[in-house]
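Written out below as structure tokens is the structure these notes cover.
Just so you know, ligand 1 is whichever comes first in the structure, and atom 1 is the first atom listed for that ligand.
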Amino acid sequence: MSSNDIKPGHKLTIALSKGRLQDDAIALFARAGIIVAESELNSRKLLLNSTDGRFSFVFVKPADVPTYVEYGVADVGVCGRDVLLESQAGVHEPLDLGIGRCRIAVAGKREVVGQDYNLLATVRVATKYPRITTEYFHTKGVPIEVVSLSGSVELAPLLGLSDRIVDLVETGRTLNENGLEVIDVITESTARLIVNRASFHLKRVEVGALIADLTEILKP
Ligand code: PRP
């Protein structure tokens with residue numbers, strides 16, 4: 001069954017990331033017949049309805065998407081695997097949406113690329129991903145001090161705030177234009193559809209139809 005065949009029932013609330021994933025996610029939902037009026041998208045509203053009224057969208061910071069879904073104020077969300085790994089939220093993750101492809105990488109100034117870590121000295125690492133960073137360096141046996149930032153992480157090595165960074169790399173342009181290079185790729189990331197555990201059961205018809213529709217349009 002397609003979500004377009006469903007009789008009026010449970011409305012689904014979908015949490016979307018503001019920023020880099022937003023346009024691609026909206027385009028993906030539009031291909032699945034879930035349309036938000038252009039006038040709404042051009043507004044500053046943070047809570048929008050699809051034109052057919054079956055879905056509402058909430059626009060939140062990327063790192064907050066798993067929280068909205070885990071607590072059930074949104075039934076469904078779209079967020080990067082990077083954010084999911086960092087949040088460890090208890091949600092279902094039924095679908096890789098294939099958009100927002102990027103890497104989570106360790107990077108540093110060009111002169112430190114290729115240098116071994118001195119295992120007796122603490123390395124300062126600036127990042128928006130303290131959990132991923134801690135786990136990665138722990139596995140390597142490298143002692144680190146995490147400097148938690150919420151953006152413009154590439155500035156940290158330039159200003160001497162950190163020796164390395166762990167950050168998202170998409171085109172590599174931000175690193176390049178700031179004289180930084182990838183030292184190691186920790187993992188790849190794409191956007192995932194996530195679903196609240198209770199909604200997965202209580203709204204299984206609507207959630208199932210949404211997953212089926214998105215799966216269909218993602219077919220090569
Ligand atoms: C992300 C990331 C890098 C940049 C990478 O930042 O943290 O800074 O994008 O993209 P690129 O490889 O295509 O240059 P974002 O734009 O989300 O802003 P932020 O620095 O405020 O986190």
- request: Give the contacting part of D167 toward ligand 1: side chain, backbone, both or neither, where contact means a heavy-atom distance below 4.0 Å.
  value: side chain

field: Neighbour count above 12 (heavy atom, 6.0 Å) for R110 CZ
entry: yes

- line: of all protein heavy atoms, closest to atom 9 (O) of ligand 1 is R20 NH2, 2.4 Å

query: At a 4.0 Å cut-off, with the gap strictly under it, does some heavy atom of K128 reach an atom of ligand 1?
result: yes

query: In terms of residue, atom name and distance, what is the protein heavy atom nearest to atom 20 (O) of ligand 1?
result: S152 N, 2.9 Å

message: When you measure from the heavy atoms of L168 to every atom of ligand 1, does any distance fall below 4.0 Å?
response: yes

- prompt: Do Y136 and D184 meet the criterion of a side-chain donor-acceptor pair at a distance under 3.5 Å?
  reply: yes

query: Can a salt bridge be assigned to the pair E188 and R103 using a cut-off of 4.0 Å between side-chain N and carboxylate O?
result: no

task: Would you please test T127 and R164 for side-chain hydrogen bond (donor to acceptor under 3.5 Å, both in side chains) and show each step?
output: CA-CA 9 Å; T127 189; R164 306 281 192 282; over 6 Å; no

message: If the cut-off is 4.0 Å to any non-hydrogen atom of R173, which atoms of ligand 1 fall inside it?
response: 12 (O), 14 (O)

field: E154 neighbourhood, listing ligand 1 atoms whose heavy-atom distance to it stays under 4.0 Å
entry: 3 (C), 8 (O)

message: With a 4.0 Å cut-off on heavy atoms, is G19 in contact with ligand 1?
response: no

task: Decide whether an N or O pair under 3.5 Å exists between L175 and ligand 1.
output: no

message: Just checking F29 against F55, ring centres under 6.0 Å apart?
response: no

Check ion pair R192-D96 (N to O, under 4.0 angstrom): yes

query: Purely on distance, is any nitrogen or oxygen of S150 under 3.5 Å from one on ligand 1?
result: no

- request: Check whether the side chains of R131 and S87 place a donor and an acceptor atom closer than 3.5 Å, and report yes or no.
  value: no

message: Which label fits H92 and H201: parallel for a plane angle under 30°, tilted from 30 to 60°, or perpendicular past 60°?
response: perpendicular

- request: Considering only non-hydrogen protein atoms, determine which one is nearest to atom 14 (O) of ligand 1 and report residue, atom name and distance to 0.1 Å.
  value: T174 OG1, 2.4 Å

message: What protein heavy atom lies closest to atom 11 (P) of ligand 1? Include the residue and the distance to one decimal.
response: T171 OG1, 3.3 Å

task: Among K203, R54, R204, find the one that has a salt bridge (Lys or Arg N to Asp or Glu O under 4.0 Å) with D75.
output: K203

Proximal ligand 1 atoms for G151, defined as those under 4.0 Å from one of its heavy atoms: 19 (P), 20 (O), 21 (O), 22 (O)

